[in-house]
Q: 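Sharing a structure here in structure tokens format.
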Protein chains: 2
Amino acid sequence: MRLLLIEDERELADALSRALSKHGILTDHTMHLADAVELTRQNVYDAILLDRRLPDGDGLTFIPQLRRTGTDTPVIVLTARNEPLERVEGLDVGADDYLGKPFLVEELMARLRAVLRRPASLAERQIAVGRMMIDPLHLSVAIDAIPFDLPRRELLVLTALAKRKEKTVLRSTLEAAVYNYEEEIQSNALDAHISRLRKRLLDAGAGVAVHNIRGVGYLLKEE
Amino acid sequence: MRLLLIEDERELADALSRALSKHGILTDHTMHLADAVELTRQNVYDAILLDRRLPDGDGLTFIPQLRRTGTDTPVIVLTARNEPLERVEGLDVGADDYLGKPFLVEELMARLRAVLRRPASLAERQIAVGRMMIDPLHLSVAIDAIPFDLPRRELLVLTALAKRKEKTVLRSTLEAAVYNYEEEIQSNALDAHISRLRKRLLDAGAGVAVHNIRGVGYLLKEE
DNA sequence: CCCCGAAGGTTGCAGCAGCATTACGGGCGC
DNA sequence: GCGCCCGTAATGCTGCTGCAACCTTCGGGG
């Protein structure tokens, strides 16, 4: 899952990014509304976290702007301006949720899940493949209903493959699913993850296999 | 997908070509505007990437020239000249997008997708032929909904034929779909790929056949 | 109707790009 | 400080791919 965080307090932003990454969520961060518009054009985010008090204006002005481009990505407003009237204001202009600072990361996670559940979201509910059930939303995996723990990166690879199971996923798509901007890689780290993931799937008897299509990408297939 | 890259910094051009090729995109590269005009006459590109500061003038002058020939191929300007006024200038002469250097390849990809999305682009959509489904965008092929792996070059041949199924595709068009400039070939490599592709399609019972029109080209037909 | 040249088809081979695997070490969390 | 995760790099291997040699098919003209 990939979020856009629009927030001008660097410390909070960093802390939040770190916290979310523990949940397997990639976060792109910007401090300016102007950049945010660009970023949403360039990327498909699962959700947007928006501060109100920003250097270049009230974050709320961003929401109509976003909707006008036809994007219905959920927006969660995170702000100290948490008076009831201010909340109404926020939701009226199209925010999907409104969360007052300070807040617990767990609450944010819960609200995220809630927001993503609403429409038949891109992030599908559960994917069954082989003897596995994969839940891209909670980033959890089970084999025969028994939870199956995976390291974060391998989990991201697996869910990205599962979302398009039985179809080839371009190598570049996988890279985008596992890494965000700041963390470019220059080695075969992705290959290494795939190798380790394969071993784990094999040891666990998951009933699935990761195939390579030389020069193109990978695909997840039942055995 | 095939792009024309007009850019005088060799290193950047090479890096970009390599990056794009990972997305299954072929790139033709020239350093001169004069050549670019010729190239667009001889080839059909899905999009054009244009630098401004070139040895033979401001790249922007190329856009009206191109439009006058009736070509509406999207043009994305890539340049260090990224002042707001310069952006306006670029967009006003007919560029479809304007991207300041340095930029992230992912951003370029996103903008490419955005630009190609506008008209119901040729590149999109899935193609059904015989018992096969071909997805030129994801470079994936399935027979009876079962994924069908192909080597990269054969895949490119097949998608090029599928895009004009039941119609003859010139031999030169095929060559252009499979190879870009830097990798000229001097043997019957294309014939070899077609031969190998035919064998694979036959073995798999794909329900399609590649026919030859002597002296002209090939066509893909249901059996 | 057959002959012949040209276009296309097939296939073995060698080179190499791309992939798989694994060990290593830094780093972070517990 | 112990263990797990993760990026890096070295190594080995697989099979795609360009090439070329050889074979087949096609079509026109004698």
Side-chain angles (χ1 to χ4, degrees), chain A residues 14-15 17-24 26 105 139 141 148-158 161 168-172 174-175 177-180 182-203 209-220, chain B residues 14 17-19 21-24 26 139 141 148-158 161 168-172 174-175 177-203 209-220:
Chain A
D14 288 346
S17 294
R18 252 180 284 118
L20 290 171
S21 80
K22 283 188 196 166
H23 293 265
L26 296 175
V105 173
L139 276 181
V141 178
F148 181 55
D149 291 342
L150 279 173
R152 199 170 54 92
R153 300 249 121 126
E154 292 172 38
L155 198 53
L156 291 171
V157 171
L158 180 61
L161 289 170
T168 51
V169 181
L170 294 187
R171 190 187 185 83
S172 57
L174 276 183
E175 281 171 5
V178 178
Y179 299 96
N180 63 7
E182 291 79 32
E183 38 186 16
E184 277 302 317
I185 50 166
Q186 38 188 329
S187 75
N188 61 345
L190 183 63
D191 304 56
H193 287 303
I194 287 179
S195 174
R196 292 188 276 246
L197 175 61
R198 278 176 171 149
K199 187 176 214 167
R200 258 185 255 264
L201 293 177
L202 200 65
D203 290 352
V210 178
H211 292 264
N212 169 264
I213 292 92
R214 206 185 179 78
V216 183
Y218 293 86
L219 68 80
L220 189 70
Chain B
D14 287 349
S17 296
R18 251 179 286 119
S21 79
K22 280 193 199 169
H23 294 261
L26 294 175
L139 282 179
V141 178
F148 183 54
D149 298 347
L150 280 174
R152 195 170 92 261
R153 298 251 122 121
E154 291 171 39
L155 197 54
L156 291 171
V157 170
L158 180 61
L161 289 171
T168 50
V169 180
L170 293 186
R171 189 188 185 82
S172 59
L174 273 185
E175 280 171 5
V178 178
Y179 299 97
N180 62 10
Y181 277 170
E182 290 79 36
E183 36 186 18
E184 274 306 318
I185 50 167
Q186 36 190 326
S187 75
N188 62 344
L190 183 63
D191 304 57
H193 287 302
I194 288 180
S195 170
R196 292 189 274 246
L197 176 61
R198 278 174 170 153
K199 187 177 214 167
R200 258 185 253 262
L201 293 177
L202 200 65
D203 290 353
V210 179
H211 293 265
N212 169 262
I213 287 86
R214 204 182 177 79
V216 182
Y218 293 86
L219 70 79
L220 189 69

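Reckoned from all heavy atoms, side chains included, excluding hydrogens, waters and symmetry mates. Letters A, B, ... are given to chains in the order of the sequence lines, protein chains preceding strands, and every chain is numbered from 1.
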Q: Closer than 4.0 Å, any side-chain N/O of Arg196(A) to the OP1 or OP2 of dA20(C)?
A: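 No, Arg196(A) has no side-chain N/O under 4.0 Å of OP1/OP2 on dA20(C).
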Q: Within less than 4.0 Å of OP1 or OP2 of dA20(C), is there a side-chain N or O belonging to Ser195(A)?
A: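 Answer is no, no contact under 4.0 Å.
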Q: Base, sugar-phosphate, or nothing for Arg198(A), non-hydrogen atoms under 4.0 angstrom?
A: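 Sugar-phosphate: the residue Arg198(A), judged by heavy atoms under 4.0 Å, touches backbone atoms but no base.
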Q: What's the spacing between Leu201(B) CG and Phe148(B) CZ if we round to 0.5 Å?
A: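 It comes to 5.5 Å.
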Q: Report yes if at least one side-chain N or O of Tyr218(B) is closer than 4.0 Å to OP1 or OP2 of dG9(C); otherwise report no.
A: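 Tyr218(B) to dG9(C) OP1/OP2: side-chain N or O found under 4.0 Å.
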Q: For His193(A) and dC5(D), is the shortest distance between a side-chain N/O and OP1 or OP2 below 4.0 Å?
A: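 For His193(A), the contact criterion (side-chain N or O under 4.0 Å from OP1 or OP2 of dC5(D)) is not met.
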Q: Send over the distance from His211(B) NE2 to dG9(C) C1', rounded to a whole Å.
A: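 Distance, rounded to whole Å: 15 Å.
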Q: Need to verify one output field. Residue with the more 5' nearest nucleotide on DNA chain D, Glu154(B) or Arg214(A)?
A: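 Here Arg214(A) is the residue nearer the 5' end.
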Q: Just the rounded figure in Å: distance from P of dT11(C) to CD1 of Ile194(B).
A: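 For the pair Ile194(B) CD1 and dT11(C) P, the rounded distance is 15 Å.
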Q: So does Asn188(B) reach the base of dT10(C) with its side chain, donor to acceptor, closer than 3.5 Å?
A: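 Side chain to base: pair found, below 3.5 Å.
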Q: Base, sugar-phosphate, or nothing for Asp191(A), non-hydrogen atoms under 4.0 angstrom?
A: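 Asp191(A): base contact, heavy atoms under 4.0 Å.
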Q: Quick one: on DNA chain C, does Lys199(A) or Arg171(A) contact a more 5' nucleotide (nearest heavy atom)?
A: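 Looking at the nearest nucleotide for each, Arg171(A) comes out on the 5' side.
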Q: Among dG9(C), dC6(D), dC19(D), find the nucleotide with the atom closest to the side chain of Asn212(B).
A: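 So the side chain of Asn212(B) is nearest to dG9(C).
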Q: Strictly below 4.0 Å: does Tyr179(B) bring a side-chain N or O up to OP1 or OP2 of dG18(D)?
A: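 Yes, within the criterion.
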